[in-house]
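Below: one structure, written as C-alpha cells.
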Amino acid sequence: MCGIIGYSGPLEARNILLDGLAGLEYRGYDSAGIALCMEDSSICLAKKVGKVKTLRDYCDSSIRGTAHSGIGHTRWATHGGVTDANAHPHRAGKVTLIHNGIIENYHALTEQFKLQDKLISQTDSEVAAWALDALYDGDPLKAIRALKNQLEGSYSFCILFDDQPGSVYAIRSVSPLVAAYTHAGAMVASDLTALIPYTNQYFVVPENRIVKLTSYKIHVYDLDDAFTKEYPEILTVNWNMDAAMKNGFPHFMMKEIHEQPEAMKNTILPRMNKGLPDFCDDHIPDDLFTGCSQIHIVACGTAMHAGMVARAVMEPILRIPVTVSIASEFRYEEPLINDKTLVIIISQSGETIDTLAALRLAHDYGSRTLAVVNVKGSTIARESDYVLYTHAGPEIAVASTKAYSVQLAALYMVGCRMALVRGVFTEKQATDFLTDLLDAIPAMETMIAQEDTIKQVITHIIQSPDAFFIGRGLDYAFSLEGALKLKEISYIHSEAYAAGELKHGTIALISDQVPVIAIATQQHVFAKTISNIREVKARGAFIILLTKESAVVDDTLADIQIHIPDVDDRFTVFPIVVVLQLIAYYASLGKNLDVDQPRNLAKSVTVE
Ligand code: M6R
C-alpha cells in the first residue's frame, strides 16, 4: 500500500527517486509523484496518474535543472479516486509531504485546523500536510512532534520544508520505513528494494523517532528533541540486486515460481540437524511447543491459505485443536485463546496491518506468539515472541507464490518438531516426515518443467467468465489458493468448494463447458471426490483433473488430466501449488493482463 522514498546526497535526486519508485512500485501503482528541492531552493513537483514509467516520461519532458534532495511516492488509493490531484506529494504552505498509511481522524483535523477551503485533494494525507504547516514555526522537529500528537492511524511520512533546503524529514507509526547512509547519500524508503542498489546495510526506522536526512548524515532524534542516545541496530540484507530483478524471466511471478525449489531448500536445510528439525539457531525453545494445549493460526490471503493446509496436516498428528482465523476478523473478535495457546502468525511482508493487529491482540490475551515471516526486521517479526524467517528472498509479484511454499515448509517443520518434543513422533517418524518434505522439492521441479503442458489447459479456462476449484480435505485447502491465484491475476470469477458441499447449492452454477479444476490427491477421500467430479461432469462441466501419477481413473472422467509425482498425501501441496500457480499465470498472460501488477491490488497491505 504505497511506496515512499526520500533522498539527500551528492547525486541527481530525480534519478535516485524514480529508480527507487520503480523498485517500490509493486506496493501500489495507481499514480506516482516526486518533489525535488532544486538548486535555487525552490520545490519542483511532478505527479501523474499511472505507473512510474509515465511519471518518468513526464519528468524527462518537463523538469529542467538539478536537485540533490527530494521525496517520491507511488500510490495505492484509499481516500479519493485515482487522479493527479490525489497523487502525492502534497503541497501545503511551506510543507511538501508524502504518506503511506491512513489518517483516521482526518475529518476532525480538517475542522480543528479549519482546512475546508485549503484542500485541493480528497486525501487524508493532504490534511496531515496542512496540519503540519499550521504547526510549523521554523522548527521542523517541534512541528513533527506536535503533528504526531494530533494523529490517529498509521503512517510513514517523508517531508520537505521550503526553508530547510537539502533536508528530508521522516517519521513512522506502524507503516514500514527503512533507512541507510550509502555511498550515494542518505536514503529512507518503505522497503529495501529501493535501497539495495546502493547498500546491503540498513536500519529499521524505530517508531517514535524522527529521522533527518542530509547529504552527509542521517540524524535520528528522540521525540523529546534530544539526539538519540542509542543508534538503531544496523542490519544486513541477505539478498542482492539480482534477487530483485527479473533475470531473463518475462515476469517476476514466473521467476518466483521457478525459485521455489531453491527457496524451500534455503528454508529447510539450515534447520535440519541429524535428520531432525532444529530451531536452536532461531532461538525457539521447545517449551513453546510443549507448553501449549492448542494452536491458533492467524493470517490473511495466501498466508491464511498456507495456515489452512498446515492445520489439516498438524491437527491429526498433534491431536490438539488447531484453528485458523482470517486476521481481519480475528482482530475484532473475542477469541478463545489464553496463555496455553500458541498463536502462529503468518505473513510474507511482516507488515500486513490486520495480521499485526491480530498479533497484538494475541499478546493481550497472554498467548505466546510465533511469527512465520519472510521480511527480516519487519514489524511482525520484531513484535512476535519468536520468529521463524522463511528464506524466499524478495517476492515482488503481487501474486504470492514462493512465499506460500516456504511458509508451508516452515510450518511443516514446526509441526514435526512439536510432534517430536511432545512425544507424538519418534525420532524415526520425525526423520521420515522431513525426508518426505525434502522429496516434495524434486516433485515441484517436475511440475515446473511441465509448464508447456500446463499452458495447454488455459484456452478452456480463459473463454469462461467463471471457474470452480473443488477438492476434499487437504485438496480443498489447495483449491482455495488455486481460486485466489486465478481470480487475482486473470480476473476470472473463480470459487473453491469442498467437493461434497457442491450439491448443497453451488452445483446450480455448473452448466455446459464451465471449467472445474478438480484436485484429487488424498487417498482416504479419493473415491468420494471422484463421485463429486462425476456429478459436475454429468452437468456438462469441463473437467481438469489434478491427481497423482499412480491414481487410477476412468478416461472418460476428465477432459484433461495433469499428474503430479507420487509423493505422500501430506506433501502433495508442493507439486500441486506449482500447477495452480502456472494455471493462473498463463490465464493472465492469455488474457493479455498485467501479471505482476493486477488491477486494484498491492503487495503489502498496510491499511485495514
Ligand atoms: O504479506 P502477507 O503475507 O501478510 O500478505 C497477506 C496477503 O495480502 C497476501 O498473501 C495476498 O493474499 C497475496 N498477495 C495473494 O497472492
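Remember, it's 1-based here, ligands and their atoms both numbered in the order they're listed.
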> What residue and atom, counting heavy atoms only, is the protein's closest point to atom 8 (O) of ligand 1, and at what distance?
Replying inline: Val605 CG2, 3.8 Å
> Can you tell me which residue and heavy atom of the protein come closest to atom 1 (O) of ligand 1, and the distance to 0.1 Å?
Replying inline: Ser349 OG, 2.7 Å
>> Give me the nearest non-hydrogen protein atom to atom 14 (N) of ligand 1 as residue plus atom name, then the distance to 0.1 Å.
In response: Val398 O, 2.8 Å
> What orientation do Tyr497 and Phe468 show, parallel under 30°, tilted 30 to 60°, or perpendicular over 60°?
Replying inline: tilted
> Short list, please: which atoms of ligand 1 are under 4.0 Å from a heavy atom of Ala303?
Replying inline: 3 (O), 10 (O)
>> As a test of understanding, state which of Gln260, Gln581, Glu259 forms a side chain to side chain donor-acceptor pair (under 3.5 Å) with Lys402.
In response: Glu259
> With under 30° as parallel and over 60° as perpendicular, where do the rings of Tyr155 and His99 fit, or are they tilted in between?
Replying inline: tilted
> Would you call the rings of Tyr585 and His251 parallel, tilted or perpendicular if under 30° counts as parallel and over 60° as perpendicular?
Replying inline: perpendicular
> Evaluating non-hydrogen atoms only, which member of Leu484, Thr352, Ile346 is closest to atom 2 (P) of ligand 1?
Replying inline: Thr352
>> To check your reading of the model: name the closest protein heavy atom to atom 10 (O) of ligand 1, its residue, and the distance in Å.
In response: Thr302 N, 3.1 Å
> Taking the six-membered ring for Trp, is the centroid-to-centroid distance between Phe289 and Tyr386 below 6.0 Å?
Replying inline: no
> Relative to ligand 1, is Leu601 under 4.0 angstrom through side chain, backbone, both or neither, heavy atoms considered?
Replying inline: neither
>> Could you identify the single nearest non-hydrogen protein atom to atom 16 (O) of ligand 1 and state the distance to 0.1 Å?
In response: Glu488 OE2, 2.4 Å
>> Could you check whether Glu383 pairs with Arg360 (Lys NZ or Arg NE/NH1/NH2 to Asp/Glu carboxylate O, under 4.0 Å)?
In response: yes
> With atoms numbered from 1 as shown, which atoms in ligand 1 lie under 4.0 angstrom from a non-hydrogen atom of Lys485?
Replying inline: 15 (C), 16 (O)
> Parallel, tilted or perpendicular for Tyr412 and Phe574, by the 30°/60° rule?
Replying inline: perpendicular
> Closer than 4.0 angstrom: is that true for some heavy atom of Glu351 and an atom of ligand 1?
Replying inline: no
> How does Met304 reach ligand 1, if at all, at less than 4.0 Å between non-hydrogen atoms: by side chain, backbone, both, or neither?
Replying inline: neither
>> Among all protein heavy atoms in this structure, tell me which lies nearest to atom 3 (O) of ligand 1, with the distance rounded to 0.1 Å.
In response: Gln348 N, 2.7 Å
> For atom 6 (C) of ligand 1, what's the nearest protein heavy atom and its distance?
Replying inline: Cys300 O, 3.4 Å
>> Ring centroids only, cut at 6.0 angstrom: are Phe478 and His305 within range, meaning strictly under it?
In response: no
>> Out of the candidates Asp281, Asp282, Asp278, only one should pair with Arg271 under the salt bridge (charged side-chain N to carboxylate O under 4.0 Å, His left out) rule; please name it.
In response: Asp282
> Atoms of ligand 1 less than 4.0 Å from Ala399 heavy atoms?
Replying inline: 16 (O)
